[in-house]
Amino acid sequence: MSPVTPNLGDYEQTAAAFDWDTARGWLDGLPGGGLNIAHEAVDRHAAGARADHVAIRWRGRRGERRDISYGELGRLSNQFANVLASLGVAPGDRVFSLCPRVPELYVAALGTLKQRAVYCPLFPAFGPEPIRERLQRGGGVVLVTTESLYRRRVAPIRDQLPELRHVLVIAEPDQAPAGTLDFRASLAGASEEFAIGPTAPEDPALLHFTSGTTGRPKGAIHVHEAVVAHHATARFALDLHPEDVFWCTADPGWVTGTSYGIIAPLTHGVTSIVEEAEFDAAGWYQLLQDEGVTVWYTAPTAIRLLMRAGADLARQYDLGRLRLVASVGEPLAPDAVAWAQETWGKPVLDNWWQTETGGIMISNYVAMPVRPGSMGRPVPGIEAALVERSEDGHVRPIEDAGEPGEIALRAGWPSMFRGYFGDPERYARCFADGWYLTGDLATKDADGYFWFVGRADDVIKSAGHLIGPFEVESALTEHAAVAEAAVIGLPDPILGDAVAAFVVLRAGFERSEDLERDLLAHARQRLGAQVAPRSVRFVEDLPHTRSGKVMRRLLRARELGLPEGDLSTLERAEQGSEGAP
Ligand code: ATP
Ligand code: MG
């Protein structure tokens, strides 16, 4: 295999030369003018030399395999667009999906965009109430789901959703429940020809609900123009090249699984792996080896699980084709970066973004030295700064290297959200002086690398110090006994907040007072007495969102006996495998 020249060779040079018009030029545009995500993702490849190239390689739960070429994906999504048109779905109408990772989900997403309706994915393990709530808030007129998910989760709430006109169900022949349409039969009866109608870059395309880590999930609206950023960020941060085999492990029910699990890789014409099965350490290594994955986009939770499974397991597989590993969703501690370097032979490139930003904003790059624990530098085209909000609604930039501030992004990049669905005031409150304020705190070093401190909601103020949970958690996970840690502040009459740690132990370690003392001493030695936790609580598990984020607000609420708030996205062990069709 010949070495691949990185798309971003020199960070300073690329960032200085880049503007979004250049990135628009990398795309095709609709034949009659305008911009449509599905045209960029599928049709332009389907019509050209890549028609027979594999777009999606699906690996089913029971060992099934299906390769879908760009040409076939173009025809299937045309058929779905025709089905929507025949059902009277108009541009701007909301089409939802509630599906496991099956090929139909990808067809539905792309066909929806072709019909210029707004695509809204739901995570398939949601119970009836989170499904009802989102469909209602988003005003969904069509839902695509599976027969079993329909029977168990949707049928019980269907009569509470008067706006939901049609449910298309993926089912065995003649098994679609009463009151639904058979997805596959509808598709088979539709024409394979479809001409995308005029689409303006500012037309709404996607509605994504946030993870609900800090409170009730918000619905972020994105437009077709977002594809400019999906494509450009995948070029720089994921270094996609046409012959890559790419695997994004995020579920397409969340923004990562849509922006980088559906759209971005297709715009690059690469082969994307879709794995229906859930996480399994040996299964994942087998996949990386057998499919010859070259670029792998995953998350800290998964990397921690692979670390727990051990380096010996990793060494049983040939990961020689793997060129780049990237991570998003949660802070990535330096010990995980080092472990990956040692075990897989390459570091993990951390990158940072949010549902609201639509795409990667701050990132590490193959050609830029990694500083373990840092999220890297703004992607070309993105201006990021650290600011402090003032009382009068303005912001003050923070200039000093090392001083924490809120991450602010200069408004106006292509994949910036254009609204919170149904909440214009909340949207307006996110902006000041031309900046989008992210609610996350970071520091910046003298060379422009960003270092995550914590969410503004999770930051601890103890004895006049501002303490970021990430720093404390990173020190704890360095200890051999610790698999995972979460840190919160608990009210203390003297300190204001006292730092409290919740720790999950690695297999083979027992809870004991000695171990607690040892952990506290380790943390004091690494962090100093003022920043180190005052207490350690051993727990079996930490509360996570279904997208893998630690819900510190829930740890706090439970400790203080306060109301638990919106739990619609809480991962519940007993529901872990409910994503199955
Ligand atoms: P909600 O907004 O509903 O509380 P959420 O913020 O968790 O939920 P997402 O938009 O899915 O919803 O997650 C974005 C957040 O995830 C970021 O604001 C940040 O706090 C965290 N995050 C993402 N990537 C990273 C990273 N590389 N390092 C640190 N934190 C990250
Ligand atoms: Mg958020």
Side-chain angles (χ1 to χ4, degrees), residues 121 123 130 134 137 206-220 222 233 237 250-260 297-303 325-334 336-337 348-364 370-379 384 406-409 415-417 420-421 423 426-427 429-430 436-443 449-459 468-471 473-474 486 543-554 565-571:
F123 186 62
R134 285 163 180 74
R137 274 168 68 192
L206 303 159
L207 171 62
H208 282 297
F209 287 94
T210 59
S211 293
T213 314
T214 54
R216 184 182 187 230
K218 298 145 273 186
H222 292 278
T233 53
D251 189 272
W254 306 111
V255 71
T256 307
T258 304
S259 293
Y260 297 99
Y297 195 18
T298 188
T301 343
I303 294 167
V325 186
S327 164
V328 71
E330 283 261 275
L332 184 70
V337 180
V348 180
L349 304 182
D350 186 23
N351 59 57
W352 172 95
W353 57 290
Q354 311 178 307
T355 307
E356 289 86 343
T357 71
I360 300 168
M361 296 284 110
I362 299 178
S363 184
N364 287 283
V370 171
R371 299 185 177 176
S374 163
M375 350 195 258
R377 301 175 72 185
V379 292
E406 181 171 0
I407 304 173
L409 304 168
S415 64
M416 186 179 90
F417 69 138
Y420 280 134
F421 201 86
D423 200 347
R426 180 156 199 171
Y427 182 70
R429 283 204 304 274
C430 294
Y436 162 62
L437 304 174
T438 65
D440 282 347
L441 302 187
T443 60
Y449 283 67
F450 283 73
W451 300 75
F452 188 74
V453 170
R455 295 164 185 268
D457 287 18
D458 291 338
V459 162
F470 176 44
E471 184 187 12
E473 291 159 8
S474 297
H544 285 106
T545 66
R546 295 185 180 282
S547 52
K549 298 165 196 291
V550 176
M551 286 169 114
R552 294 180 191 78
R553 70 169 159 104
L554 190 54
D566 186 302
L567 298 184
S568 64
T569 59
L570 177 66
E571 170 83 51

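Everything numeric here is computed off the predicted structure, so don't read it as measured data. Order of appearance sets the numbers: ligands from 1, and atoms from 1 within every ligand.
Using a heavy-atom distance under 4.0 Å as the criterion, the protein contacts of ligand 1 are T210, S211, G212, T213, T214, K218, V328, G329, E330, P331, D350, N351, W352, W353, Q354, T355, D440, F452, R455, K549.
A search for salt bridge (charged side-chain N to carboxylate O under 4.0 Å, His left out) contacts involving E471 returns nothing, not counting sequence neighbours. Applying the salt bridge (charged side-chain N to carboxylate O under 4.0 Å, His left out) test to E330 and every residue at least two apart in sequence or in another chain returns nothing. Remark: R216 engages E133, R137, D566 in a side-chain contact (heavy atoms from CB on, under 4.5 Å) (not counting sequence neighbours).
Between the N351 side chain and the V328 main chain, no donor and acceptor come within less than 3.5 Å of each other. Counting only distance, with no hydrogens or angles, the side chain of H208 and the backbone of T256 share no donor-acceptor pair below 3.5 Å.
Taken to the nearest 0.5 Å, the CZ atom of F470 stands 9.0 Å off from the CH2 atom of W451.
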